[in-house]
Number of protein chains: 2
Amino acid sequence: MERLLTIKDIAIELGISISTVSRALRGQPDVNAETRKAVVDLAEKLDYQPNKAALSLLNKHTNTIGVLVPNLDYFFATAIKGIDEAALEAGYTVMVCQSNESYGKELINTKRLLESRVDGFIISVSSDTKIVDHFKKIQDKGIPMVFFDRDVNELQAPKILLNNFEGGYIATKHLINKGYSKIAFLGGPERMSISNQRFEGYKSALKEAGIKFNVKFVEHGDFNQEYAYVNTNELLRAKQKPDAIFAMSDRLAIGAMQSIKKHGLRIPDDIGLIGFNNEPITNLLSPSISTIDQPAFEMGKTAARLFIEMMNNDSTASSDNIVLKPKLIVRESTMRK
Amino acid sequence: MERLLTIKDIAIELGISISTVSRALRGQPDVNAETRKAVVDLAEKLDYQPNKAALSLLNKHTNTIGVLVPNLDYFFATAIKGIDEAALEAGYTVMVCQSNESYGKELINTKRLLESRVDGFIISVSSDTKIVDHFKKIQDKGIPMVFFDRDVNELQAPKILLNNFEGGYIATKHLINKGYSKIAFLGGPERMSISNQRFEGYKSALKEAGIKFNVKFVEHGDFNQEYAYVNTNELLRAKQKPDAIFAMSDRLAIGAMQSIKKHGLRIPDDIGLIGFNNEPITNLLSPSISTIDQPAFEMGKTAARLFIEMMNNDSTASSDNIVLKPKLIVRESTMRK
DNA sequence: AACCTTTCCGGTAACGCTCCCGGTAATTTT
DNA sequence: AAAATTACCGGGAGCGTTACCGGAAAGGTT
């Protein structure tokens, strides 16, 4: 590694002291106008950049936010854009790590970010994560963190969440309004909070409509569309077939759609289908898939803003959750004539 | 910010010197087995983590790679996974910045990464970038960088590229083999290298088949599907209509598809369509879209490996490009009976 | 018993930067 | 003209860590 330019070099070049260069560069008083100009000009000319490591060592903070996400799919990519924007405004740099929905990878990533001495964390936990000691440990050290999208009950920390209950509710209610009554639920991993909250909303809508909840219409599985595909196959092979499917994510909805098509059933006439996330693809498929929109960009931006606010106020936990509203997007897959 | 644990704390706690703690922790000789155990145990118990800022200051490197990408779409998200994996193996941390295809944002990001004293860069330039002085400046400082996916002729640096010429060639040839002859090309921004290389491959395939190249069948525009949509509208409204479209990206192919459908034309019977990238969505659309696959993950991984190799050999530029092969993926959109 | 190796440990400088203090020369106040 | 203030600058310490050197105590060699 080359030796990069330091204020010492500038000091020597100009025949003045390091302290003076430092003061001049930071616009402090106690420095002569001419001297200041000479320093600033030279720094400009030589493209001087302060060494962040030295600053970090001194100030005990890095101006860096560690962002931990399960993956970089449409939702998280959009959320990260939001985080990025807010962080940049406030002079923070962002370090993104993806866990690939794996607890082990999440552990490694938190450790690395901690070693990098990030000032704090913005986290969406992996679906695989059951123990959250690694996050508690961070909290114990007094390092601020905010969670988004995926809830962690065990942790007392600010959270930016979607009202998933409401999302599940309006999705299911929409299906009911369209005349569907045998509505199946395609869920994510069993323990996953967002899946379960949407599930509760689903049950609530059923109950409200006087439709008896049927356990046989509920499937759980992994996050990818292959699982959704086989789970839907099972649903459609059963004696009691559903006439609509509410999938807790668009990925799963797509898997379900493939299965439905394979069974020679028509959407939305034979089977209604609604997803969750409003990924752009749902609008391009044929039929286009109804879904629940969640404000990913806003979520990321809010999370980052909240984080920055915490940093400024030096308060480790404001602990009041921010809950955003889901929005129903009606497309062809639920438009039964 | 709380004061975090340092080796000094451990030294005091154990009543030994800082040097000894340091040596014990790094597994160096010259330290008694018992002392070592005591140190390691206490460090473990207190969850000690070395301060990277101090290390960086001392070693003059940060073990961090700055990754600069235009966006986080499927291709780049996959490539980043590859980079991540290789980086992690070698003990590097990755800092990702997206330019949103904007030159200005790219400038800001390079500056920030430079300030963060990343050890080097892995870059895919924004389509908006016409001047590359900011990269030249980095090179002048002796900071290693490798480019991937998008070529920059003006820069002498290692590059991981796809054989875009070949990609354009096999895509077009496939259309020709399927009996299409009036083949239009839907390109990206005018100056963009990957678009132009694919375009050259397209022309080469036409020439080889004895088909006269027709300028009216060529459209350029921005990267998003709206542009592709209006451009295709134009193609289809013209007197001379194409009977197939080769879009230089899947996004553009999707825009074209929407336009084709709106015109009441059938794919692949009236018009053949092939894209580029092999985004998963192309396989889910109806009809599914033929495309050219490029090994995104491998590309990222290779880029990172090359970078790390450069770091180890302390060679700033190995300068020989690595060119990966595209692969034809045949789907419904070109399967004319 | 006098020397030479080991073994183990502590002290110091350095990385690049900022903060704090002290000092000189110039300027103002009495 | 002496004293007090101001303007400007330099020196040193310290942030957490490692590399290097020197030294004391223990053991090994004649």
Separation of atom NE2 in H61(A) from atom C1' in dG16(D), rounded to whole Å: 16 Å

Quick one, give me the B/S/- string for nucleotides 17-27 of chain C, reading 5' to 3', where B means a protein heavy atom under 4.0 Å from the base and S means that only happens at the primed atoms, P, OP1 or OP2. BBS--------

Just call it for T35(B): base, sugar-phosphate, or nothing, with non-hydrogen atoms closer than 4.0 Å on any strand. sugar-phosphate

Expected output: side-chain D9(A) to main-chain L5(A) donor-acceptor under 3.5 Å: no

Check this for me: does any side-chain nitrogen of one of K130(B) and D128(B) sit under 4.0 Å from a carboxylate oxygen of the other? yes

Check: L113(A) and V67(A) side chains under 4.5 Å, non-hydrogen atoms: no

Could you pull out all donor-acceptor pairs under 3.5 Å where a side-chain atom in residues 69-82 of chain A meets a protein atom, sequence neighbours excluded?
residue : atom : partner : partner atom : Å
N71(A)  : OD1  : D73(A)  : N            : 2.9
D73(A)  : OD1  : F75(A)  : N            : 3.1
D73(A)  : OD1  : F76(A)  : N            : 3.1
T78(A)  : OG1  : Y74(A)  : O            : 2.6

Check the pair K141(B) / D47(A) against salt bridge (charged side-chain N to carboxylate O under 4.0 Å, His left out), numbers first and verdict last. CA-CA 10 Å; K141(B) 293 188 199 231; D47(A) 192 29; 2.9 Å; yes

Within residues 27-37 of chain B or reaching into it, pairs that qualify as side chain to side chain donor-acceptor pair (under 3.5 Å) - sequence neighbours excluded: K37(B)-D41(B)

Let's see if you get this right: which residues in residues 37-47 of chain B place a heavy atom under 4.0 Å from DNA chain D? none

N or O in side chain of T20(A) less than 4.0 angstrom from dG10(D) OP1/OP2: yes

What is the distance, to the nearest angstrom, from the CD1 atom on I16(B) to the P atom on dC8(C)? 13 Å

With sequence neighbours left out, what residues match T129(A) under side chain to side chain donor-acceptor pair (under 3.5 Å)? E106(A), S126(A)

Please report the distance, rounded to the nearest Å, between CD in E34(A) and C1' in dC8(D). 12 Å

Looking only at side-chain N and O atoms, does K60(B) come under 4.0 Å of OP1 or OP2 in dA14(C)? no

Just by distance, with hydrogens left out, do S22(B) and S19(B) show a side-chain donor and acceptor under 3.5 Å apart? no

Is the shortest side-chain N/O distance from K52(A) to OP1 or OP2 of dG16(C) below 4.0 Å? no

I'd like to check the side chain to side chain donor-acceptor pair (under 3.5 Å) partners of R23(A); sequence neighbours left out, ordered by chain and number. none

In whole Å, what is the span from the CG atom of L14(A) to the C1' atom of dG10(D)? 15 Å

